[in-house]
Amino acid sequence: MDIAALLSDPAAWAALITLIVMEVVLGIDNLIFISILSNKLPEHQRAKARRIGIALALIMRLALLSTLAFIVGLVKPVFTLPFPAPPGMDFSFSWRDLILIAGGLFLVWKATTEIHEKVEPSDGHGVMDAGGKVVANMGAAIFQIILIDIVFSIDSILTAVGMTDHLPIMIAAVVITVAIMLVAADPLANFINENPTIVMLALGFLLMIGAVLIADGFGVHVPKGYIYAAMAFSAGVEALNMLARRRANRPALDDKTLH
């Protein structure tokens, strides 16, 4: 089907809109990681790191789309462990499974390390500790962003392949999604930086996402709707806490003004 036919096909537009929504939802995890990590850099480097990270995500997604046959091959089993799997699990692993497990372990390790650093502060500071000293450099931040971009890019493209057979629709959805991420990156990062309690909540999200990626790699598929519903609920509770703290501090500020 050519481009003109796709533009005049309502089903193609419906597929594009649906895919954009799905890609934006899947991109939230990637954006949270980039936003928190970039906040550890010197202030003049933060926006640049976010732009580079999101640009790399776009390049990876487009590169993967250009090799669809290779991407589809990633879901074929490459080896199977020689003992029975527990109910609900699968010990036949594809390259996609191995990448998801590796990415999940990385997220769990990173989030756990940073949570421990915030709960038990020491002379050192975690890479994502927005309130700590600047210890990360641009190269280290970009390297970690690339690692997680690979994981989320493969998951994103496999989702796109499963929803439509038309490459132009996939490319358009990926470009629009990354443009939305680019617009949202700075406001999200600034919000996280200005509200330190959000850092712990975001680290909890990353820990949960890492566990889900590992489970997915072992054949245990957790519906993404449950994950994002839990994230939305937690964010809503934290928003109420922030509102309550702001109102509790307002009388004290008013008293200082009067005196």
Side-chain angles (χ1 to χ4, degrees), residues 19-20 22-67 70-71 99-100 102-111 113-114 117 124-160 170-196 198-199 201-203 205-207 209-210 213:
L19 189 53
I20 290 172
M22 289 295 297
E23 293 291 334
V24 168
V25 172
L26 291 173
I28 291 173
D29 310 338
N30 200 356
L31 193 56
I32 289 175
F33 185 87
I34 292 174
S35 297
I36 299 178
L37 189 59
S38 64
N39 280 344
K40 190 57 188 176
L41 294 169
E43 188 170 355
H44 67 280
Q45 293 183 342
R46 294 175 184 175
K48 181 179 179 181
R50 289 191 286 269
R51 288 194 294 269
I52 292 175
I54 295 173
L56 289 172
L58 174 60
I59 292 171
M60 288 181 187
R61 283 163 168 78
L62 293 179
L64 291 172
L65 281 174
S66 67
T67 57
F70 170 74
I71 292 300
I99 292 171
L100 290 180
L105 289 172
F106 174 74
L107 280 180
V108 169
W109 169 77
K110 178 62 69 177
T113 301
E114 297 305 323
E117 184 63 37
H125 296 275
V127 176
M128 294 186 201
D129 184 5
K133 298 178 181 178
V134 175
V135 296
N137 56 55
M138 177 72 77
I142 295 301
F143 177 73
Q144 294 180 70
I145 289 173
I146 289 174
L147 291 179
I148 210 62
D149 274 349
I150 293 172
V151 177
F152 288 127
S153 293
I154 290 176
D155 199 26
S156 170
I157 296 307
L158 286 173
T159 299
M170 298 182 201
I171 294 175
V174 166
V175 172
I176 293 172
T177 300
V178 173
I180 293 172
M181 291 173 60
L182 190 61
V183 171
D186 285 346
L188 176 62
N190 293 335
F191 179 76
I192 291 174
N193 193 45
E194 294 167 1
N195 298 275
I198 297 296
V199 175
L201 182 62
L203 289 172
F205 289 163
L206 293 179
L207 185 62
I209 293 163
L213 290 177

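All values below were derived from every heavy atom in this structure, side-chain atoms included, with hydrogens, water molecules and symmetry-related copies excluded.
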Can you confirm whether Asp149 sits close enough to Ile59 that some side-chain heavy atom of one is under 4.5 Å from a side-chain heavy atom of the other? no
For the CD1 atom of Ile146 and the CD1 atom of Ile52, what is their distance to the nearest 0.5 Å? 9.5 Å
Please, which pairs that meet salt bridge (charged side-chain N to carboxylate O under 4.0 Å, His left out) have at least one residue in residues 170-191, sequence neighbours excluded? Arg50-Asp186
Would you call Leu207 and Leu107 a side-chain contact if the rule is heavy atoms closer than 4.5 Å? no
Looking only at non-hydrogen atoms, find the nearest pair between Leu41 and Ala49 and report the distance. CD1-CB, 3.3 Å
Partner set under side-chain hydrogen bond (donor to acceptor under 3.5 Å, both in side chains) for Ser153, not counting sequence neighbours: Arg61
Considering only heavy atoms from C-beta outward, does the side chain of Lys110 approach that of Leu206 to under 4.5 Å? no
Is the closest side-chain heavy-atom distance between Thr113 and Trp109 below 4.5 Å? yes
Beyond-backbone contact of Phe152 with Ile209, side-chain heavy atoms, under 4.5 angstrom: yes
Considering only heavy atoms from C-beta outward, does the side chain of Leu31 approach that of Ile54 to under 4.5 Å? yes
Measure from the side-chain N and O atoms of Asn39 to the backbone N and O of Ala189, and report whether any donor-acceptor pair falls under 3.5 Å. yes
Shortest non-hydrogen contact from Gly104 to Leu213? CA-CB, 3.9 Å
Leu37 side, atom CG; Gln144 side, atom CD - distance, nearest 0.5 Å: 5.0 Å
Calculate, to the nearest 0.5 Å, the distance between atoms OG and CE belonging to Ser38 and Met138 respectively. 9.5 Å
Minimal non-hydrogen separation, Thr177 against Ile20, with atom names: OG1-O, 3.9 Å
For Ala202 against Ile36, the heavy-atom pair lying closest together: CB-CD1, 3.1 Å
Closest non-hydrogen atom pair between Phe106 and Leu147, with its separation: CE1-CD1, 4.3 Å
Roughly how far, to the nearest 0.5 Å, is the CD atom of Glu23 from the CD1 atom of Ile176? 11.0 Å
So, taking the atom named CZ in Phe143 and the one named CD1 in Ile148, what distance separates them when rounded to the nearest 0.5 Å? 11.5 Å
Between Ala57 and Asn30 the two heavy atoms that sit nearest each other are CB-ND2, 4.1 Å
